Amino acid sequence: MNNNMIYGINGPVVTVKNADCFEMMEMVHVGEQNLVGEVIGITDKFTTIQVYEETTGLKPGDPVSGTGAPMNVLLGPGILDNIFDGIERPLKAIEERSGAFISRGASVSSLDPDKLWNVTLTIKAGDRLEGGQIYATLPETPIIEHRVMVPPELSGVIKEVKPDGEHRIFDVIAVLEDDLGELHDLTLCQQWPIRTSRPVKQRLTPSIPLITGQRVMDTLFPIAKGGTAAIPGGFGTGKTMNQHQLAKWCDADIIIYVGCGERGNEMSQVLDEFSELIDPKSNRPMTDRTVLIANTSNMPVAAREASIYTGITLAEYYRDMGYHVAMMADSTSRWAEALREISGRLEEMPAEEGFPAYLPSRLAEFYERGGRADVLSGGEGSVTLIGAVSPQGSDFSEPVTQNTKRFTRVFWALDKALAYARHYPAINWINSYSEYFNDLDPWFKENLGEEFTEYRNNISALLQEESSLMEIVKLIGSDVLPDDQKLVIETARVIRVGFLQQNAFHAEDTYVPLEKQKLMMKVILHLHSKAKEVVAREIPLSKVLEFGLFDKLTKMKYDIPNNRLEMFDDYIVEIDEKLGTLLQ
Amino acid sequence: MIIDYVGVKEINGSLIVMDGVKGVSNEEIVDIKLENGTVRQGRVVQIEGERIVVQVFEGTRRISLKNTRTRLTGHPMEMPLSPEIIGRVLDGAGRPIDGLGNIFPVKRANINGTPINPVSRVYPKNYINTGISTIDTLMTLIRGQKLPIFSGSGMTHNDLAVQIVRQAKISGADSSNFGVVFAAMGVQKDVAEYFRKSFEESGVLSRVVMLLNLSNDPIIERTLTPRCALTVAEYLAFELDMHILVIMTDMTSYAEALREFSSSKGEIPGRKGYPGYLYSDLASLYERAGMIKGHPGSVTQIPILTMPNDDITHPIPDLTGYITEGQIVLDRTLQGQGFYPPVSVLPSLSRLMKDGIGEGYTRGDHQSLANQLFASYAKVIDARSLASVIGEEELSPIDKKYIEFGKLFESRFVNQGFTENRSIEQSLNLGWELLSTLPRAELDRVDDAVLDIYYKG
């Protein structure tokens, strides 16, 4: 019998007096409309609840009932090609029910309970199953096979199995008897608390790169499958654009895109673009491998806080099936602000800039859920985490950026000056870094040859050198520099404009295979070393520039199609011929 | 049974605390009757058992612990709506002040609105031709967008907003389904009057709804003004299928009102004393722009904010920039040189532009031209900073060309008369004409095929 009632209301925070039946982090229903909430604080007098929906109209005395379980998500087929809010409510189904504006207390099952799935069972009666093992498969979308797994904490012997065929997600398709002799129904779905990470057999070192087709990311600051990255940048520097590019082109099997406190129009753009975009590998729309979680900035703030956890739980679930999952969170700063807002309502003692003192530990917990692992179902999977950070006033010393930096290993720093000059992606090559070089080096050597690393180091060195030369140029102009230093500036210009800059709207340039990236570097460096020879013989650099080779190289990203890589040889020949005339 | 609660327990700034109140719901509106007969309205902002905190919109002046009788109205803040609202002048809380009587509501809507389901949104793609070269070419305004003007005190943002309203041609909209909702928050009487007059001159006044919370009006009422305005806008757009342009000025005054309210409530302040939820609060306004599937109407927002001390990293412009889809930044130096509109091109941006321009919308070369203008103008700034150190004479020939290009760009492209209405063709051609003063090899953002057509150097 439930007789717990609302006592106080302050924004999204509700208190209940004299209740002793709630657990920390338990999911509760609040008010006549059954708004979803979560217990975030308990004292002997008051239980504090954060409500995931607008609290307008709630009254003291309205009922509050516990569900006896922590904040859960439902995991099963139907997640892909779907769009959820921060607590896994399907927005399409809500639209059908309540129209274009989201009404409150909409209780809709997260996954379609009536849809029939064509299930193939991979077990027979008498088999012994451990937690996380696969007992059935079904095609969730034409390109992704959904592997139904035993909940991790369960193991035992199969007593009964239904035949292959069409089943709904809540249909019992097998019965398992655990070691205590208790019977458990196995369906196509399971529940999992969002704030708990799903177990794996063993964590592995990330040693395979996540290939993104974005030159500055792949070559200069690569990320591993199972790695963590932060993209910080002020407004207008292209965080969202970069996240979209990654979601479209990176070679993960599954993409989880979390729009956390961001713009509604951006989410509709993602929806539009992804359903039109065809994945070149499978010839299917991108949406077949994508899950969107949209908790836009005007949707309830507490659900925004939860959306990150919902996203990562879905990601871990697909990882457990043996997939490589990439999760984009745009933006983690909005999530941190949601923490701050709720912390403020609880009148907690604030730390830096009003953020709660537990901000770093929450960030650490989140990023620690990424990684590459041997999963319980037998294969190998990974969760790559890429979080956008929106620093206040573009100041990277603010707490969210600084703490994120501590827990991520790739830092793609976006730069306002580059964005103003419309140099995209506006990743600053001096401030950014990747700590995965050493882990990934063997892979690059094996797949792209020894020279790849060498090229990358040379490119990086040239950019560094240019950066210090520019200090001088800013003071006295470039005319006074000796020719060999001018050459560095010219080559660096080719690298910046011809290589680092990438046009996301150009059909050829939006995604560039690694092989082409390598050849581009090769040609640029070849021109540089040849020109260096010329300059060393005291022939003026202006003679070299007259050939227009530098300008030609800045346009090779457009001029050489991705499938005609043999054209690079012509460039090498042309460089040798033209500069050869000077050397004679 | 209706109960009047006599007296209050505590008064603090714009807040009153009352005890022993039963059956109150969160965010409910209350009527507070003073002994002298005046009635004020307030909103329940916090409940603790029978103790409630009420925010009084008109302020707490002359309220004592005993002289009030408070009555619960049983509903949250609602706005009466009907097609008749078009052409009316309302106060900051949505009550008519034009002497034309009350509005007979066809419906009432909660002023807080409800979030648009992201699935139901239509991604905005139709551009609005404003006739202003910088905006049309470099930061194209799209129907359903929220594009703020970041300005400073004493700059010509009001003129710019008026010019946009006057010249805005929305494709597909004829004069009958185009309307303006104007929300003034803490602006001076003559500024509001200037807008009214300008609307009149451009012949749109009969399709304008004005909500005025002037600088001497109650500050707390200011927190309601944009919400009432957007509620009207949503009604006109999504129920009467109109294309609505919402102009909200000045968002800085709004945020300051919010700060005042927050501090009197004793909340923990965030940056510069603004409440920690400033982002969520601003988002709850700005996100009400957009288009919805199955409805032909649209809500486009042009909020105007004056950056305190012209500082774009101040929390108000900073958070606004994170929510809105771009920004138009005005620059005091340009204005000082006598240029109008003083649009600072480099920090300005329209995020929705890329899908609303080009072949079939404006012209095929639009995107390349815009990229190139941005890139070349960025080099102008570099050349100028170099020139300020070593002198213009010492610059390399190419840097000198850029200095020259910069002058032309500002005086001919950015600078444009208050009444000058340039077609998109004119603006684009002017852009190419100016770029053609630079050597062709410098135009590295444009395909050769496009250059062959438009480059005339």
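Letters A, B, ... are given to chains in the order of the sequence lines, protein chains preceding strands, and every chain is numbered from 1. All of these numbers come straight from a predicted model, not from anything done at the bench.
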Heavy-atom pairs under 4.5 Å with chain B, option from [options] with the top count:
| options | value |
| --- | --- |
| His506(A), Arg304(A), Met241(A), Lys474(A) | Arg304(A) |
| Lys59(A), Glu266(A), Glu348(A) | Lys59(A) |
| Ser333(A), Pro350(A), Gly234(A), Gly354(A) | Gly234(A) |
| Val497(A), Thr296(A), Leu271(A), Thr55(A) | Thr55(A) |
| Glu353(A), Glu262(A), Met267(A) | Glu262(A) |
| Gly548(A), Gly236(A), Gly344(A) | Gly236(A) |

With a 4.5 angstrom heavy-atom cut-off, which part of [X] approaches chain A: side chain, backbone, both or neither?
| X | result |
| --- | --- |
| Ala378(B) | side chain |
| Tyr277(B) | both |
| Asp382(B) | neither |
| Pro275(B) | neither |
| Pro347(B) | both |
| Glu325(B) | both |
| Lys146(B) | side chain |
| Glu28(B) | neither |
| Ile323(B) | both |
| Ile268(B) | side chain |
| Lys354(B) | side chain |
| Lys272(B) | neither |
| Phe238(B) | side chain |
| Leu352(B) | side chain |

Spacing of [X] atom [atom1] and [Y] atom [atom2] [to the nearest 0.5 Å]:
| X | Y | atom1 | atom2 | answer |
| --- | --- | --- | --- | --- |
| Lys239(A) | Tyr322(B) | NZ | OH | 5.0 Å |
| Asp447(B) | Lys555(A) | CG | NZ | 7.5 Å |
| Asn298(A) | Asn112(B) | CG | CG | 11.5 Å |
| Asn503(A) | Arg445(B) | CG | CZ | 9.5 Å |
| Arg422(A) | Ser376(B) | CZ | OG | 12.5 Å |
| Gln367(B) | Phe505(A) | CD | CZ | 6.0 Å |

Considering only heavy atoms, which portion of [X] lies under 4.5 Å from any heavy atom of chain B: side chain, backbone, both, or neither?
| X | answer |
| --- | --- |
| Leu91(A) | both |
| Asp551(A) | side chain |
| Ser390(A) | both |
| Lys17(A) | neither |
| Pro391(A) | both |
| Tyr7(A) | both |
| Val473(A) | backbone |

Cation-pi check, Arg263(A) to Tyr286(B): give yes when NZ or CZ is under 6.0 Å from the six-membered ring centre and within 45° of the ring axis, no otherwise.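 No, cation not above the ring by the 6.0 Å, 45° rule.
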Do Phe101(A) and Asn117(B) touch side chain to side chain, with heavy atoms closer than 4.5 Å?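 Counting from C-beta outward, Phe101(A) and Asn117(B) never come under 4.5 Å.
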Are Asp395(A) and Thr313(B) packed together at the side-chain level, in the sense that at least one heavy-atom pair is separated by less than 4.5 angstrom?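 Answer no - side chains too far apart.
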Just checking, any donor-acceptor pair under 3.5 angstrom between side chains of [X] and [Y]?
| X | Y | result |
| --- | --- | --- |
| Thr240(A) | Arg351(B) | no |
| Glu341(A) | Ser280(B) | yes |
| Thr554(A) | Asp444(B) | no |

Which heavy-atom pair separates [X] from [Y] by the least distance, and what is that distance?
| X | Y | answer |
| --- | --- | --- |
| Pro76(B) | Thr56(A) | CB-CG2, 3.9 Å |
| Phe235(A) | Phe150(B) | CZ-CE2, 4.0 Å |
| Ile83(A) | Val119(B) | CG2-CG2, 3.4 Å |
| Gly144(B) | Asn265(A) | O-ND2, 3.5 Å |
| Gly99(A) | Ser120(B) | O-OG, 4.1 Å |

Do you know which of [options] has the most heavy-atom pairs with chain A at a distance under 4.5 angstrom?
| options | answer |
| --- | --- |
| Val345(B), Thr324(B), Asp399(B), Asn110(B) | Thr324(B) |
| Ala283(B), Gly321(B), Ser284(B) | Gly321(B) |
| Leu349(B), Asp448(B), Leu395(B) | Leu349(B) |
| Gly276(B), Gly49(B), Gly23(B) | Gly49(B) |
| Pro317(B), Pro124(B), Ala441(B) | Pro124(B) |
| Val53(B), Val389(B), Ile116(B) | Ile116(B) |

Determine, stepwise, if the pair Asn10(A) / Lys265(B) fulfils side-chain contact (heavy atoms from CB on, under 4.5 Å). CA-CA 11 Å; Asn10(A) 180 7; Lys265(B) 218 175 141 191; 3.8 Å; yes
Hey, does the side chain of Glu287(B) reach the backbone of Ser297(A) with a donor-acceptor pair shorter than 3.5 angstrom?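 Judged by distance alone, no pair lies under 3.5 Å.
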Please determine whether the number of non-hydrogen atoms from other residues, nucleotides or ligands lying under 6.0 Å from atom [atom1] of [X] exceeds 12.
| X | atom1 | answer |
| --- | --- | --- |
| Lys293(B) | NZ | yes |
| Glu50(B) | CD | yes |
| Glu546(A) | CD | yes |

With sequence neighbours excluded, tell me which residues meet side chain to side chain contact (heavy atoms under 4.5 Å, CB included) with Ser275(A).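 Here the qualifying residues are Thr287(A).
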